[in-house]
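Residue numbering restarts at 1 for every chain, and letters A, B, ... go by the order of the sequence lines. FYI, side chains are in, hydrogens and waters are out, and symmetry mates aren't considered; it's all heavy atoms of this structure.
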There are 2 protein chains.
Amino acid sequence: MATQSVKARLTTAAFALFDERGYEHSTVDDIAERAGVGRTTFFRAFPSKDDVILPDHEVVLSAVKARLAASTQETALVAVSEAARLVLLHYLQEGDVARSRYKLTSSIPALRHREVTSMQQYQRVFREFIHGWMGGGSETGLKAELMATSVVTAHNYVLRRWLRGLTERPEAEFDAAMTSVLELFADINPNRSAEDEASLVIFRTTRQLGSVIPALRKIIG
Amino acid sequence: MATQSVKARLTTAAFALFDERGYEHSTVDDIAERAGVGRTTFFRAFPSKDDVILPDHEVVLSAVKARLAASTQETALVAVSEAARLVLLHYLQEGDVARSRYKLTSSIPALRHREVTSMQQYQRVFREFIHGWMGGGSETGLKAELMATSVVTAHNYVLRRWLRGLTERPEAEFDAAMTSVLELFADINPNRSAEDEASLVIFRTTRQLGSVIPALRKIIG
DNA sequence: AAAGCTATGGTACTGAGTACCATATCGACA
DNA sequence: TGTCGATATGGTACTCAGTACCATAGCTTT
């Protein structure tokens with residue numbers, strides 16, 4: 001019977017009880033009893049009651065940190081995108097568990113707060129990473145923060161669409177969203193392009209303006 | 001003695017106790033006793049213990065909603081900027097209270113969560129307003145969400161700098177931050193500007209190029 | 001003066017979270 | 001094999017936030 005770990009048994013027991021009686025009407029005693037363990041053991045596995053709905057949070061957060069750490073100055077943005085994708089993929093792999101959680105976090109404030117907190121933690125990791133990538137100066141603080149929140153927001157947007165059943169291709173939508181976010185910030189990045197700068201060029205010619213201008217118009221489109 | 005309202009007395013009592021003994025070691029009974037009221041009255045004034053650190057939240061949130069509601073399609077972005085500014089100004093007016101709160105939210109997780117929740121509520125209001133302004137279609141959902149989070153993030157960034165004593169001119173910094181955020185999204189807005197488009201202008205002149213070019217350089221900078 | 005409304009205080013209860021102690025299980029090692 | 005020690009678990013008792021309910025004081029209304 002005890003093939004699953006204690007944590008896993010507690011998690012399934014909790015989700016089942018929350019589904020049957022609702023979150024408020026399921027006590028920690030109930031959860032522990034259904035999992036076949038004592039109440040004390042519950043609080044050893046989870047710091048608080050609401051943590052039971054995000055049992056893999058620490059693992060995923062560590063994976064995100066590891067993915068970011070395994071990057072260079074040139075591949076930083078790819079790392080950000082892929083690290084965020086790790087989070088999405090974890091939810092996708094959870095399947096029905098993720099959808100159950102969504103039902104719960106949508107209706108129970110305490111659980112919504114718990115999920116918001118977890119997203120804040122991802123955001124913090126991204127912010128520190130991006131800020132470090134930008135050099136860590138105070139002039140890039142706001143930009144780093146904006147970028148981090150945007151990445152997390154884009155992730156959440158696609159995730160929520162999938163949870164609501166509004167998309168069959170969450171990964172493709174995620175890539176699109178992430179690309180548009182990174183494009184948004186493209187001009188203020190360290191590896192900057194010259195896209196925004198305009199050059200004024202003056203040529204000397206003996207040809208008539210009347211013949212030159214239509215040709216110029218054609219080039220500029 | 002009871003010139004202040006019950007809510008105000010409870011608030012000052014709470015901040016004083018939190019400062020003396022810390023949040024965890026101040027019970028709701030202690031706060032109520034110092035304020036000269038019963039415990040029941042505390043929970044009538046505040047839904048939970050941690051709400052006491054944001055006594056004006058509902059008021060400010062309503063002010064933000066009102067400011068947004070009093071705008072037209074053309075003035076939407078100004079309204080967003082000024083609504084966010086309302087929040088900042090409220091913190092600035094609080095002065096030391098705001099700084100005390102910052103100390104508390106920085107060190108006590110429960111209070112940090114409370115503040116995050118309040119920011120989430122602002123964000124939600126901004127998101128819904130902006131999305132409505134964009135027409136409410138599903139193709140603008142992500143953009144609206146990104147804009148709302150960015151506005152709130154920029155606000156928080158400047159607010160935190162002021163709370164840490166890193167700036168003497170929070171309002172000016174706020175304006176700068178807000179402008180840069182709105183610029184960031186300028187190209188995807190309904191009232192788009194022609195800022196990003198370049199014009200090619202050709203003049204006819206009889207003057208020598210050698211005298212014209214230095215003057216042009218001076219203009220362009 | 002009686003009725004009613006509102007704000008407040010008090011009491012009793014549930015349940016989360018903590019502290020502490022007791023016990024069981026298992027492996028290492030003599 | 002028996003013993004020690006580490007780790008996981010269970011149980012008990014406690015604090016305190018939050019809720020429900022009732023009683024009462026003060027004030028207005030009729």
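- Atom OH of B:Y23 and atom P of C:dG17 are 13 Å apart (whole Å).
- Remark: P of C:dA19 and CZ of A:R44 are 12 Å apart, rounded to the nearest angstrom.
- B:F42 has its CZ atom 15 Å from the P atom of D:dC16, to the nearest Å.
- A cation-pi arrangement is present between B:K49 and B:Y23 under the rule of less than 6.0 angstrom and at most 45 degrees off the ring axis.
- A straight line from CD1 of B:I108 to P of C:dG17 spans 17 Å, rounded to a whole angstrom.
- When the nearest nucleotides of DNA chain C are assigned to B:G38 and A:K49 by heavy-atom distance, the more 5′-ward of the two goes with B:G38.
- Electrostatic pairing of B:E171 and B:R85 counts as a salt bridge here, judged by a charged N lying under 4.0 Å from a carboxylate O.
- For A:R39 and C:dG17, a side-chain-to-base donor-acceptor distance below 3.5 Å is present, hydrogens and geometry of angles not being considered.
- Here the P atom of nucleotide D:dA17 and the CG atom of B:D51 are 14 Å apart, to the nearest Å.
- Following rounding to the nearest Å, B:L10 (CG) and D:dA17 (P) show an atom-to-atom distance of 14 Å.
- At a threshold of 4.0 angstrom between heavy atoms, the contacts of A:T41 are confined to the sugar-phosphate backbone, with no base atom among them.
- A:T40 contributes a side-chain N or O that forms a donor-acceptor pair with the base of D:dG11 under 3.5 Å.
- Here the P atom of nucleotide D:dG10 and the CD1 atom of A:I31 are 15 Å apart, to the nearest Å.
- Taking for each of B:D50 and A:V6 the nucleotide of DNA chain D with the nearest heavy atom, the 5'-most of the two is the partner of A:V6.
- A cation-pi geometry, defined here as NZ or CZ lying under 6.0 Å from the six-membered ring centre and within 45° of its normal, does not hold between B:R169 and B:W162.
- Between the side chains of B:Y102 and B:R164, at least one donor-acceptor pair of N or O atoms lies under 3.5 Å.
- Spacing between atom CG of B:D29 and atom P of C:dT8 amounts to 17 Å, rounded to whole angstrom units.
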